[in-house]
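Excluded from the calculations below are hydrogen atoms, water molecules and symmetry mates; all remaining heavy atoms, backbone and side chain alike, are included. Each residue takes its place number in the sequence, starting with 1. Computed from a predicted model, the values in this text were never measured in an experiment.
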Amino acid sequence: MNREEAIKKLEKYEQNHILKFFDELNEEEKEELLKQIDETDFSIIDTLKNKNAKNKKGEYSPLRAMQISEIEENKEKFHEAGVKAIKEGKTAALLLAGGMGTRLGSDNPKGMYNIGLTKDVYIFQRIIENLLDVVNETGFHIRLFIMTSEKNHEATVNFLKEHNYFGYQADRISFFKQDMAPACDYEGKVYLESKNRIATSPNGNAGWYMSMLNAGLGEILESEGIEWINVFAVDNVLQRILSPEFVGATILSGVSVGSKVVRKSAPDEKVGVMCLEDGKPSIVEYYELSEEMMNAKDENGDPAYNYGVILNYLFNVAELDKIGRNNLETHIVEKKIPYINDAGESIKPEEPNGYKFEQLVLDLIHMMDSCLPYEVVRENEFAPIKNKTGVDSVESARKLCELNGIAL
Ligand code: UTP
């Protein structure tokens with residue numbers, strides 16, 4: 001893209017200020033900025049126009065979860081079906097590690113965080129060790145995809161290489177970068193991060209499938225015959241990935257996606273709850289849960305909306321192929337965005353100063369025809385690290401690791 005073409009594109013989106021420092025740049029920097037303008041989708045900023053139009057939700061109804069007692073009764077059958085699929089190479093794991101982990105407040109990728117007390121125990125290590133349990137049990141080297149972002153790709157790849165992938169077979173790991181979205185001020189003007197770079201941030205965790213296809217990894221899915229992908233978050237240090245029973249139950253249920261869920265600890269717990277929306281699987285956010293839904297009971301007298309999601313989903317690849325990215329809702333998130341001011345000085349704001357744009361994996365669930373909520377024991381499988389202290393923190397996760405006999 002040359003300067004004239006860039007001006008044309010920017011005029012269309014009223015973002016001409018991006019070229020403010022253009023004449024001060026050297027040739028290489030000019031080229032970098034023009035390339036970024038060419039690649040950036042500014043149309044996402046239009047989402048702001050509908051910011052206040054409340055997103056219309058459909059009619060909610062309960063979605064029955066497969067509970068632990070039922071899983072226990074069918075354990076052998078599920079286990080056998082799961083192990084078979086894993087051994088046949090039909091399943092892959094996909095680690096979502098493109099987030100910025102701002103709440104934890106470390107500059108490194110979240111997975112590099114060391115939760116050990118007497119020895120090193122990195123978050124990435126915990127996850128890989130759990131996946132290796134399944135590899136060792138089945139004897140099959142499961143394909144592991146790792147999604148990073150432009151902001152943390154190099155650090156992630158180098159760290160894992162330095163640690164010899166914590167024992168995982170290197171040629172079974174495929175990295176790819178997720179797409180970025182521009183970040184803007186409250187008036188919708190895109191920030192400049194430096195004189196030759198637009199401020200961008202990872203575009204949310206729903207983009208994983210499109211980003212992996214854009215990176216050419218669809219070829220691996222095809223050539224290896226991968227039919228199911230277990231997508232999971234980096235920050236749960238007790239995350240069990242591709243547990244054979246979960247894989248078996250999902251496949252035998254004939255659903256488009258399986259979702260691990262935990263029983264809520266209180267009716268008003270701040271987790272997204274699995275349900276149906278207009279007859280399709282959906283996740284209702286805790287702040288959208290009405291009093292009536294909170295108190296609703298099922299046929300056994302148990303709470304009808306009682307199972308929270310833990311960001312561990314087993315997606316059917318053929319079902320994913322049916323949906324397009326543009327059908328997904330874009331969420332506008334208020335954040336602190338570092339930028340350069342009109343004088344070209346770098347500013348690191350203390351308070352939120354604008355918006356980032358994200359598409360979320362929970363909206364992807366609503367694009368699926370059917371879903372199996374699959375209950376797991378909370379204390380054994382859910383130890384998220386979002387904050388430094390308090391709820392969902394390094395402290396709470398360490399306690400849960402101890403409870404599970406994991407030496408730290
Ligand atoms: P979170 O919603 O906790 O976001 O991500 P985050 O960026 O890690 O943390 P905060 O909100 O800034 O503190 C849940 C999972 O989704 C991944 C994260 O890496 C984590 O595994 N994620 C999130 C992405 O892969 N890409 C994104 O753009 C956002």
- Message: Using the rule given for side-chain hydrogen bond (donor to acceptor under 3.5 Å, both in side chains), can you reason through Asp41 versus Ser43, listing the C-alpha separation, both sets of side-chain angles and the distance that settles it, and then say yes or no?
- Response: CA-CA 5 Å; Asp41 175 12; Ser43 68; 2.5 Å; yes

Heavy atoms only: give me the nearest [X]-[Y] pair and the separation to one decimal.
X      : Y      : answer
Lys388 : Leu104 : CG-O, 3.4 Å
Gly98  : Gln178 : CA-OE1, 3.2 Å
Ala81  : Gly248 : CB-CA, 3.9 Å
Thr200 : Gln36  : CG2-NE2, 3.6 Å

- What's the verdict on side-chain hydrogen bond (donor to acceptor under 3.5 Å, both in side chains) for Asn353 and Asp185, showing C-alpha distance, side-chain angles and the deciding distance? CA-CA 6 Å; Asn353 62 331; Asp185 67 14; over 6 Å; no

- When you measure from the side chain of Thr40 to the backbone N and O of Phe42, does any donor-acceptor pair fall under 3.5 Å? no

- Has the side chain of Glu224 got a donor or acceptor atom that lies under 3.5 Å from a matching backbone atom of Ile220? no

- Step through it carefully: locate the ring centre of Trp228, locate the ring centre of Phe246, and say whether they are under 6.0 Å apart. no

- Distance flag, aromatic centroids of His331 and Phe357, threshold under 6.0 Å: no

- Other residues, nucleotides, ligands: >12 heavy atoms within 6.0 Å of Lys75 NZ: no

- Report, as yes or no, whether the 6.0 Å neighbourhood of atom CG on Asp107 holds more than 12 heavy atoms from other residues, nucleotides or ligands. no

- Item | side-chain contact (heavy atoms from CB on, under 4.5 Å) partners of Glu154, counting only residues at least two apart | Asn158

- Message: Classify the ring geometry of Tyr186 against Tyr355: parallel below 30°, tilted from 30° to 60°, perpendicular beyond 60°.
- Response: perpendicular

- Task: Classify the angle between the aromatic ring planes of Phe159 and Phe166 as parallel (below 30°), tilted (30 to 60°) or perpendicular (above 60°).
- Result: tilted

- The residue among Ser201, Pro202, Pro109 that forms side chain to side chain contact (heavy atoms under 4.5 Å, CB included) with Ser149 is Pro202

- Which of these passes side chain to side chain contact (heavy atoms under 4.5 Å, CB included) with Ile127: Ile146, Val234, Asp235? Val234

Under 4.5 Å between any side-chain heavy atoms of [X] and [Y], yes or no?
X      : Y      : result
Ile406 : Leu400 : no
Leu408 : Ile115 : yes
Leu144 : Leu131 : yes

- Task: Run the numbers on Met274 and Ile365 for side-chain contact (heavy atoms from CB on, under 4.5 Å), then give the verdict.
- Result: CA-CA 10 Å; Met274 202 95 237; Ile365 296 296; 3.7 Å; yes

